[in-house]
Amino acid sequence: MTKRDFDAVVVGSGPNGLAAAITLQKSGLSVLLLEAKATIGGGLRSAELTLPGFTHDICSAIHPLAAESPFFKTLSLQAHGLEYIYPLVAAAHPFDDGTAAILGKSLTETAHLLGTDAQAYQNLLAPLIKDWPGLATAILGPLRIPSNPFAMARFGLKALTSASFLANRYFKTTKARGLWAGMAAHAIQPLSNITTSAIGLVLMAMGHLHGWPMPKGGSQSIADALAAYFISLGGKIETNTYVSSLKELPATHAVLLDVTPKQLLQIAGHQFSSVYKWQLQRYRYGMGVFKIDWALAGPIPFTAPEVRQAGTVHLGNTLEEIAASEKSTSQGKHSEKPFVLLAQQSLFDATRAPSGQHTAWAYCHVPNGSEKDMTAAIENQVERFAPGFRDLILHRHVMNTAQMQAYNSNYIGGDINGGIIDIGQLFTRPALRLSPYRTSAKGIYICSSATPPGGGVHGMCGYHAARRALKDVFNIRATPSL
């Protein structure tokens, strides 16, 4: 190969960009990682958004997939300052009658609390929990023949169904159906869509296998540990470097872009074939989010005591209410009772707020590009299950879809998943190709959540893209092979 400034350049320092850079650097290449913002991290940044001493996660907050990422687990991130905290209850789902369903570490205990649905719950989750060690890499990767085809078939028969169908098939009680709906709503699409069961199943399995942890000190800690690991290998990071064109990059053999199709076209579209450009132009983005961070005078006074022990809280009451909210949002409407995802990190991490005070983090789904202020709707939902919540608010910080996109240009219209993951894009992210990470231009790859396995802090999109580039451009088979 002719001499270049770097063997590879990675654009974007979110978890996938960092994973790609590490994979390339570990294989003996010289790698430059470029970040548009002043700090690295993408969706992993934390900051004092409200008052001094209150640390808030700007985007992602709870990280079941980060702690169990097949790639991240091969890295010594603890040696670079990363420490996970595991709440007693992974997630809780309160109801209007003052009770709650929980996702606890014990499958048996969680099932027992669901009454007559106990056996059905165990029948649903036990096979996936048993099979997960052999399925993790296949589920968190591109479409390919799995090493455990029968186990994958067992998972697939459930995962490819709609969340509504699966609920009707397995559950009768309000508690079990509500708990399931809150999990499946992480798919950010109507619960009637096929494949919406997949994310619910994986999140529940993670809860029973290992819990839903949060990084001590904020989500920035994950990014900082990944960056420190990359630098320890000899990698180089440059911040405050916005890339709008390939012409702005130093000479290199391979470029990996942690961006979604819209930015990919802007940066490198002139290099692509007409067919590939056409596919990228047809790529669809999903619902957006409206997010609030609060500085609080005390812990949120949830009526159900078990909710006060949960790191994550799903606010939506019944399956029917959640399904109606997600459907109306997908149709471009704003729900008066939106499904709210809430995290209360400071209950378990004293570094997040001054002594005796607390933080809370929450968002709801809104139509893509929405400019509507959902503050009142979200706070009404919290107050509904925690009377007296509003009296504790010291300060709040809000972000609508435009502000989310300004914070991270991958969040097109407030879509934090890098594009909707419905059946139409499940196997064609971002385009229909033998390798989803290759573009039509030699040496240019996409490594964002717009590629398999999609959204979430796991780094697997970046890992798989880097392995593809290593083989194509450098004739190297990366280690480890997960």
- Say whether Gln220 and Ser46, considering side chains only, have a donor N or O and an acceptor N or O under 3.5 Å apart. no
- Shortest non-hydrogen contact from Cys447 to Ala465? CB-CB, 3.5 Å
- Message: Taking CZ in Arg169 as the centre, count heavy atoms belonging to other residues, nucleotides or ligands within less than 6.0 Å. Is the count above 12?
- Response: no
- Item | Heavy-atom side-chain contact between Thr260 and Leu264 under 4.5 Å | no
- Message: Looking only at the side chains, is there a donor atom on one of Ser409 and Gln405 sitting less than 3.5 Å from an acceptor on the other?
- Response: no
- Message: If the threshold is 4.0 Å, N to carboxylate O, is there a salt bridge linking Arg45 and Glu35?
- Response: yes
- Does a sphere of radius 6.0 Å around CZ in Arg144 hold more than 12 heavy atoms from other residues, nucleotides or ligands, not counting ones at 6.0 Å or beyond? yes
- Only one of Leu82, Ile62, Leu77 clears side-chain contact (heavy atoms from CB on, under 4.5 Å) with Pro215; which? Leu82
- Rounding to 0.5 Å, atoms CG (Leu160) and OG (Ser197) come to a distance of 9.0 Å
- Message: Around atom CZ of Arg433, are there more than 12 heavy atoms from other residues, nucleotides or ligands closer than 6.0 Å?
- Response: yes
- Decide whether Tyr445 and Asp472 meet the rule of one side-chain donor and one side-chain acceptor closer than 3.5 Å. yes
- Kindly indicate whether the side chain of Leu65, heavy atoms from C-beta on, has any atom under 4.5 Å from the side chain of Val202. yes
- Take the angle between the ring planes of Tyr411 and Tyr407 and call it parallel below 30°, perpendicular above 60°, tilted in between. tilted
- Can you name the closest pair of heavy atoms from Gly311 and Met214 and give their distance? CA-CE, 4.3 Å
- Task: State whether a side-chain donor-acceptor pair under 3.5 Å links Ser219 with His63.
- Result: yes
- Query: Can you find a heavy atom in the side chain of Pro70 that is under 4.5 Å from one in the side chain of Met460?
  - Reply: yes
- Closest non-hydrogen atom pair between Asp57 and Lys291, with its separation: O-NZ, 3.0 Å
- Message: Pairing donors with acceptors under 3.5 angstrom, does anything connect the side chains of His464 and Thr451?
- Response: no
- If we ignore angles and hydrogens, is there a donor and acceptor under 3.5 Å between the side chains of His56 and Glu48? no
- Message: Can you confirm whether Tyr242 sits close enough to Leu34 that some side-chain heavy atom of one is under 4.5 Å from a side-chain heavy atom of the other?
- Response: no
- Got a second to check how far Phe290's CZ is from Asp373's CG, nearest 0.5 Å? 4.0 Å
- Query: Does the side chain of Ile412 reach to within under 4.5 Å of the side chain of Gln263, using non-hydrogen atoms?
  - Reply: yes
- Task: Report the residues that fulfil salt bridge (Lys or Arg N to Asp or Glu O under 4.0 Å) with Arg396, sequence neighbours left out, ordered by chain and then residue number.
- Result: Glu379
- Message: Taking atom CD as the centre, does Glu336 end up with more than 12 heavy-atom neighbours from other residues, nucleotides or ligands that are less than 6.0 angstrom away?
- Response: no
- Should the heavy atoms of other residues, nucleotides or ligands under 6.0 Å from NZ of Lys158 be counted, would the total exceed 12? yes
- Message: Under a plain distance cut-off of 3.5 Å, with no hydrogens placed, do Arg467 and Tyr437 share a side-chain donor-acceptor pair?
- Response: no
- State, to 0.1 Å, how close Thr329 and Met287 come at their nearest heavy-atom pair, and which atoms those are. CG2-SD, 3.2 Å
- Quick one: CZ on Phe230 to CG on Leu24, what's the gap to the nearest 0.5 Å? 8.5 Å
- Message: Counting only heavy atoms not in Asn240 (residues, nucleotides, ligands), do more than 12 fall under 6.0 Å from its CG?
- Response: yes
- Item | Residue pair Phe6 / Leu29, side-chain heavy-atom distance below 4.5 Å | no
- Message: Within the 4.5 Å heavy-atom criterion, are Phe155 and Leu157 side-chain neighbours or not?
- Response: no
- Task: Kindly indicate whether the side chain of Ile188, heavy atoms from C-beta on, has any atom under 4.5 Å from the side chain of Ile420.
- Result: no
- Item | Shortest non-hydrogen contact between Ile322 and Asn317, atoms and distance | CD1-O, 4.4 Å
- Note on the structure: Here the pair of heavy atoms bringing Ala61 nearest to Trp361 is CB-CE2, 3.5 Å
- With Tyr276, which residues qualify under ring pair (Phe, Tyr, Trp, His ring centres under 6.0 Å), at least two apart? Phe272
- Show your reasoning for whether ring-ring contact (aromatic ring centres under 6.0 Å, His included) applies to His314 and Phe339. CA-CA 7 Å; His314 293 156; Phe339 170 65; 5.6 Å; yes
- Query: Is it the case that Ser30 and Asp7 place a side-chain donor and acceptor less than 3.5 Å from each other?
  - Reply: yes
